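Remember, it's 1-based here, ligands and their atoms both numbered in the order they're listed. As the structure is a computational prediction, the values presented were derived from the model and not from experiment.
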Amino acid sequence: MTFTRPPWTAPALDHDFVHATGQVTDDLDPATGAVVAQVRQATAADVDTAVRRARTAFARSGWRNDGALRARVLSRYAQQLREHTDDLAELLTREQGKTLGEARSEIAGSASMVDYYAGLARAVYGRAIALGDTAHGVILREPAGVVAVITPWNWPLTLLERSLAPALAAGNACVVKPASLTPAITVAGLALLAADPELPGGILTCVTGPGHEIGDALVGHRDVDMVAFTGESVTGAQVMRMAAGQAKKVALELGGKSPNIVFADANLDKALDGALNAIFTTSGQICTAGSRLLVEAAIYDEFTESLVKRAGQLRLGDPLDPDTTLGPLVSASQARTVTEYISLGRAEGTLLAGGGEPQGGILSTGHFVAPAVIADLPPDSRVVREEVFGPVLTVHRFADDAEAIRLAEDTEFGLAAGIWTRDLDRAWRVGRAVRSGTVWINTYHHFYPEAEVGGFRGSGPGRQQGVDGLLEFTETKHLNFDSSATLW
Ligand code: NAD
């Protein structure tokens with residue numbers, strides 16, 4: 001059966017909450033090169049307008065003090081996301097290149113995230129404490145103010161909601177800067193929220209455009225109180241430096257090079273599925289990608305052989321086709337970068353799978369890269385040390401727990417890790433030893449709005465999701481009362 005792409009009507013992206021008066025650029029489908037949408041870019045003046053609107057709305061609208069209002073608005077937004085799953089998922093697949101199945105699960109996850117924070121919007125509790133006979137302290141959690149939410153292109157809606165929903169739930173006003181490669185899905189998702197009749201004007205604004213211009217203008221704006229940034233570690237460090245100039249609060253969710261450790265006593269079938277899911281989800285363009293597979297020596301040959309076989313069975317193709325398991329990479333430049341890493345891996349190690357240019361039909365027009373598995377790389381290879389952000393897995397052999405931990409920890413990042421074993425004591429021991437924000441045991445890539453995520457080391461400071469994810473967007477204030485007759 002041949003699959004035919006359905007016809008496409010580009011979405012209208014002109015909305016009052018989007019501040020953009022600059023040039024219009026074409027937003028391209030990475031599978032076909034067709035125009036998905038036309039996007040007007042913001043200017044520095046637009047950034048100023050958006051931030052000022054947000055500042056005014058924060059100061060005057062009453063949003064920050066009305067948890068019940070915030071809960072209602074967010075709850076309806078979650079519902080809207082669910083009701084528009086079909087349209088949003090198709091737009092996401094066309095713009096980003098991920099498979100339609102993954103796009104649908106991204107919409108569902110986004111709605112669930114918003115729902116979770118809708119619940120917490122009425123639970124931004126402080127504390128009270130007696131400080132002697134006459135003094136009392138009331139510790140309040142207040143919204144940070146105007147929050148710039150800067151998002152990446154790989155999971156553009158989930159990673160948007162992961163910052164936006166808690167920021168709004170805590171009572172902030174938000175200015176969103178979508179990634180340059182995924183403005184259409186971001187604006188389409190936000191439009192559902194902006195249309196809510198109870199959302200005060202200015203509490204949500206958006207500016208589209210390149211990071212080095214529009215992102216910089218936003219981060220450097222004096223009326224932005226906090227920056228929630230998700231993206232590359234190098235960009236995150238730049239954002240941090242710029243924010244430091246104004247001693248501005250930041251939450252940074254950055255890159256990773258996550259180890260996925262398979263012990264010989266694991267359920268190997270499940271671990272194989274887990275290893276493939278860990279690296280090939282979103283064609284490897286995921287911050288938590290289990291890109292370094294560490295396999296115990298006793299099963300290394302057998303496990304690697306099965307893995308290579310299974311990688312070869314993954315179906316590259318049109319991401320709108322339900323039979324496709326791997327879509328294109330997001331852009332020509334991303335595909336070029338990843339291909340260069342594969343060439344380097346081939347030169348420095350043994351290429352067990354992948355390489356070559358996928359050809360035929362859509363594979364020739366789109367930015368496709370076949371899944372690659374590379375062994376025998378030296379520990380200082382750039383392919384082992386740097387975040388590739390593509391379907392490239394390096395495999396490594398270890399002798400015992402100590403060596404597994406040493407290899408896992410031989411990285412500048414600390415975002416995630418996987419451990420596959422039936423030995424509970426070992427799972428605890430290794431899980432505690434690996435310094436990562438998330439450690440999955442006998443699973444991988446399962447996320448829950450209730451559970452915090454974030455990084456150690458180069459993966460960035462800050463936590464998102466869960467209760468900590470809400471508190472990130474607050475400032476702590478102590479109101480101190482004294483009822484004594486004299487000061488001393
Ligand atoms: P990126 O750093 O290139 O861009 C992220 C966002 O920052 C975009 O909106 C971009 O326009 C903007 N930006 C770029 N330069 C800027 C500047 N100077 N000032 C302000 N904003 C600027 O990242 P990307 O390529 O979009 O996304 C991929 C990266 O994101 C990977 O490194 C990945 O690991 C990381 N990521 C991390 C997480 C996490 O939770 N830790 C999640 C997803 C992606």
Write out the residue and atom name of the closest protein heavy atom to [atom], then the distance separating them to 0.1 Å.
| atom | result |
| --- | --- |
| atom 9 (O) of ligand 1 | Thr151 O, 2.7 Å |
| atom 40 (O) of ligand 1 | Arg162 NH2, 2.8 Å |
| atom 38 (C) of ligand 1 | Cys287 SG, 3.0 Å |
| atom 10 (C) of ligand 1 | Lys177 NZ, 3.7 Å |
| atom 25 (O) of ligand 1 | Trp153 NE1, 2.8 Å |
| atom 27 (O) of ligand 1 | Pro152 CB, 3.3 Å |
| atom 28 (C) of ligand 1 | Phe389 CE2, 3.4 Å |
| atom 32 (O) of ligand 1 | Glu387 OE1, 2.6 Å |

Atoms in ligand 1 flagged as close to [X], the criterion being non-hydrogen separation under 4.0 Å:
| X | result |
| --- | --- |
| Ala179 | 8 (C), 9 (O) |
| Leu415 | 41 (N) |
| Gly215 | 19 (N), 20 (C), 21 (N) |
| Asn154 | 43 (C), 44 (C) |
| Gln238 | 18 (N) |
| Pro178 | 9 (O) |
| Val239 | 19 (N), 20 (C) |
| Leu159 | 42 (C), 43 (C) |

Per-atom contact, atom 36 (N) of ligand 1, protein heavy atoms, under 4.0 angstrom: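 It does; a protein heavy atom is within 4.0 Å.
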Heavy-atom proximity to atom 3 (O) of ligand 1, best of Leu252, Leu254, Thr235: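 When every heavy atom of Leu252, Leu254, Thr235 is considered, Thr235 comes closest to atom 3 (O) of ligand 1.
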Validation row, ring centre His446 to ring centre Trp440 under 6.0 Å: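 Not close enough - the centres of the two rings lie 6.0 Å or further apart.
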Centroid-centroid distance, Trp155 to Phe447, less than 6.0 Å: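 Between Phe447 and Trp155, which both carry aromatic rings, the centre distance is not below 6.0 Å.
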Whether [Y] and [X] form a salt bridge (side-chain N of Lys/Arg under 4.0 Å from carboxylate O of Asp/Glu) is what I want to check.
| X | Y | answer |
| --- | --- | --- |
| Glu90 | Arg104 | no |
| Asp14 | Arg40 | no |
| Glu412 | Lys257 | no |
| Asp410 | Arg385 | yes |

Side chain, backbone, both or neither: the part of [X] lying under 4.0 Å from ligand 1 by heavy atom:
| X | answer |
| --- | --- |
| Val234 | neither |
| Val453 | neither |
| Asp216 | both |

Non-hydrogen atom of Gly460 closer than 4.0 Å to ligand 1: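 False for this residue.
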Phe229 heavy atom under 4.0 Å from ligand 1: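 Yes; Phe229 lies near enough to ligand 1 that a heavy-atom distance drops under 4.0 Å.
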Rounded distance [0.5 Å steps], [atom1] in [X] versus [atom2] in [Y]:
| X | Y | atom1 | atom2 | result |
| --- | --- | --- | --- | --- |
| Leu91 | Leu157 | CG | CG | 9.5 Å |
| Ile405 | Leu294 | CD1 | CG | 11.0 Å |
| Tyr77 | Leu199 | OH | CG | 10.5 Å |
| Leu314 | Ser283 | CG | OG | 9.5 Å |

Side-chain (Asp223) to main-chain (Arg52) donor-acceptor, under 3.5 angstrom: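 Answer holds: no.
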Any donor-acceptor N or O pair under 3.5 Å, side chains Glu387, Ser233: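 Result is no, nothing qualifies.
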Glu348 and Ser381: side chain donor to acceptor below 3.5 Å: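 Yes, side-chain donor-acceptor contact under 3.5 Å.
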Distance-only N or O hit between ligand 1 and Glu232, under 3.5 Å: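 Yes, at least one N or O pair falls under 3.5 Å.
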Partner of Asp225 under salt bridge (charged side-chain N to carboxylate O under 4.0 Å, His left out), chosen from Arg64, Lys249, Arg55: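 When salt bridge (charged side-chain N to carboxylate O under 4.0 Å, His left out) is applied between Asp225 and each of Arg64, Lys249, Arg55, only Arg55 qualifies.
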